[in-house]
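The structure appears right after this line, and notes come after that.
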Amino acid sequence: MERRKVLRLFLASSVAAAISPNLVFGKIPFQQHLDFSQLDFGPDFKWGVATSAFQIEGAHDLDGKSASIWDTFSHEKGNIKTGENGDVACDFYHSYEQDLDLLKSLNMTVFRFSISWCRVLPNGTGEPNQKGIDFYHRVIDACLERGLEPWLTLYHWDLPQVLQDQGGWKNRDSLAWFSEYAELVSKNFGDKVKNWMVFNEPSAFTALGYLIGYHAPGLKGFKNFLPTVHHVCLAQAEGGRIIRKNVPTAQIGTTYSCAHVDYYTSEKHDKKSAERWDVLLNRLFIEPALGMGYPTASFPILKKLEAYIKPGDLEKLSFDFDFIGIQNYTREVVKKMGLIPIMKGLEIKPEKRNVQEITSMGWEVYPEGIYQIIKQFAAYPGVKKIIVTENGCAFPDEVITGKIHDLKRIDYYQRYLKQVLRAKQEGVNIGGYFCWTLLDNFEWSEGFYHRFGLVHVDFKTQKRLIKDSGYWFRDFLG
Ligand code: IFM
């Protein structure tokens with residue numbers, strides 16, 4: 001108890017330091033050991049951070065915003081490990097100027113963020129909420145005033161609850177709902193925002209939310225998952241077309257959570273299971289977008305998607321994206337598991353594999369994996385450019401005399417960046433790298449426990465404190 005009080009005191013005295021980083025640190029010594037520099041990535045390479053509305057904004061019911069599926073889900077007992085919710089989160093709704101100042105001070109030039117659908121269209125469709133639209137204008141303007149490029153994601157998982165009440169993504173009408181939302185957002189912000197992403201990680205929000213029920217809206221089973229997959233794939237391409245129509249000069253992408261998949265042994269059955277995981281994690285959403293259709297041959301249960309495919313749908317699944325966003329954290333190692341009837345495979349958790357290092361999320365630190373997955377995606381003929389739209393790690397941080405010496409995070413970033421550079425130097429067109437993330441925030445069903453930020457947030461006081469990893473980026477990019 002006593003120790004916590006002392007820590008709080010240190011934290012309070014470090015607030016000024018967080019906002020004026022130059023007063024606190026010289027160069028972070030770690031940088032001296034690097035055998036590459038920012039210059040190796042080229043002068044046009046984009047450096048930034050990625051964020052999402054629900055995880056940082058708070059203001060859950062302010063200025064006309066309605067509830068999203070994550071408001072509902074996080075308020076239901078038992079869904080969030082820590083019992084927390086996103087009502088306040090990082091209060092970015094009120095502190096965006098200070099937070100963008102912090103970002104700028106780290107010498108980053110890109111702020112990737114998402115729009116909360118229920119802030120701008122509280123009924124899901126129909127009457128827009130001007131106060132919500134005005135908020136995003138303020139955020140975008142604040143970026144532009146600071147010389148930061150706003151990169152806008154249309155959908156990062158927070159579907160309006162009113163639409164979930166009508167079946168959410170399971171309902172084919174979701175395509176029309178999403179199209180209306182995409183029209184509204186692209187028409188409103190298209191004159192200021194030049195870089196757009198349709199979805200954040202469709203394999204994650206469909207599988208976690210509609211197959212295993214670990215995320216909102218908490219649905220389970222293939223009967224929920226399969227229609228959701230098809231409607232999301234249609235919306236992915238349609239979203240691209242709508243942005244192209246309203247913002248002809250935009251760079252349009254979409255992002256995928258992806259991971260290199262290894263098999264546990266080279267036995268045939270382990271390889272087969274690994275192949276199915278690869279379909280689910282890496283191939284299910286990009287291949288239809290590239291005009292390749294669904295990867296049913298490698299995962300026969302996907303043939304059941306046919307029940308939801310209407311005449312003319314297959315031609316509408318593709319869109320010529322300008323870039324593909326890669327979001328990678330770790331790798332997967334898969335073993336056959338007869339007891340799991342559909343996947344017939346199970347990821348072998350890092351702690352059961354004698355892995356050297358895991359993050360607080362339990363994810364193996366495996367830098368080569370980002371190189372492998374970039375190469376896998378770059379091998380598709382239709383992929384023109386790759387942006388690493390998320391990469392990062394959570395470790396328990398300790399505030400010691402107003403500082404956070406998060407050396408493990410620095411080491412992680414350096415080793416992953418080296419692998420990104422390796423792929424780039426082998427000729428992959430990689431245009432940027434965004435850290436996940438600027439601020440410690442609401443890590444979905446895990447609550448606030450896992451800290452991914454370059455900037456520490458004290459969720460009681462909302463005080464920000466730049467971690468050494470943030471200073472490391474400042475110096476690396478400076
Ligand atoms: O926090 C998430 C983010 O919303 C999507 N990509 C992975 C991050 C870390 O789990």
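Start at 1 with the first residue, then count along the sequence. Read the numbers this way: they start at 1 and go in the same order the structure lists the ligands and their atoms. Given the structure is predicted, the values throughout are model-derived calculations rather than measurements.
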| said: Under 4.0 Å, heavy-atom basis, I'd like to know which part of Thr437 is in contact with ligand 1: side chain, backbone, both or neither. | reply: neither

| query | So, Thr254 side chain and Phe199 main chain: donor-acceptor pair closer than 3.5 Å or not? | reply | yes

| Quick one: does Glu443 get an N or O within less than 3.5 Å of an N or O on ligand 1? | yes

| query | Is there a donor-acceptor contact under 3.5 Å from the side chain of Arg119 to the main chain of Ile115? | reply | no

| What do you reckon, does Glu390 have a nitrogen or oxygen under 3.5 Å from a nitrogen or oxygen of ligand 1? | yes

| query | Where on Trp363 is there a heavy atom closer than 4.0 Å to ligand 1, on the side chain, on the backbone, on both, or on neither? | reply | side chain

| When only distance counts, is Trp444 in polar contact with ligand 1, meaning an N/O pair under 3.5 Å? | yes

| Would you say Thr153's side chain and His156's backbone share a donor-acceptor pair under 3.5 angstrom? | no

| task | Would you mind listing which atoms of ligand 1 come within a distance below 4.0 Å of any non-hydrogen atom of His156? | result | 3 (C), 4 (O), 5 (C)

| request: Answer yes or no for Asn200: is there a heavy-atom contact with ligand 1 below 4.0 Å? | output: yes

| task | Looking only at distances, please establish whether an N/O atom of ligand 1 is found under 3.5 Å from an N/O atom of Ser52. | result | no

| Side-chain donor or acceptor of Glu84 paired with backbone N/O of Phe448 under 3.5 Å | yes

| message | Using a 4.0 Å cut-off to any heavy atom of Glu201, which atoms of ligand 1 qualify? | response | 5 (C), 6 (N), 7 (C)

| request: Please indicate whether Tyr449 has more than 12 foreign heavy atoms, meaning atoms of other residues, nucleotides or ligands, lying under 6.0 Å from its OH. | output: no

| task | Could you tell me whether ligand 1 has any atom less than 4.0 Å away from a heavy atom of His450? | result | no

| field | Mutual orientation of the aromatic rings belonging to Phe452 and Tyr329 [parallel < 30°, tilted 30-60°, perpendicular > 60°] | value | perpendicular

| Cation over ring face, Arg331 and Tyr366, 6.0 Å, 45° | yes

| field | Taking atom 8 (C) of ligand 1 as the reference point, the nearest protein heavy atom with its distance | value | Tyr329 OH, 3.5 Å

| Has Phe205 got more than 12 heavy atoms of other residues, nucleotides or ligands less than 6.0 Å from its CZ? | yes

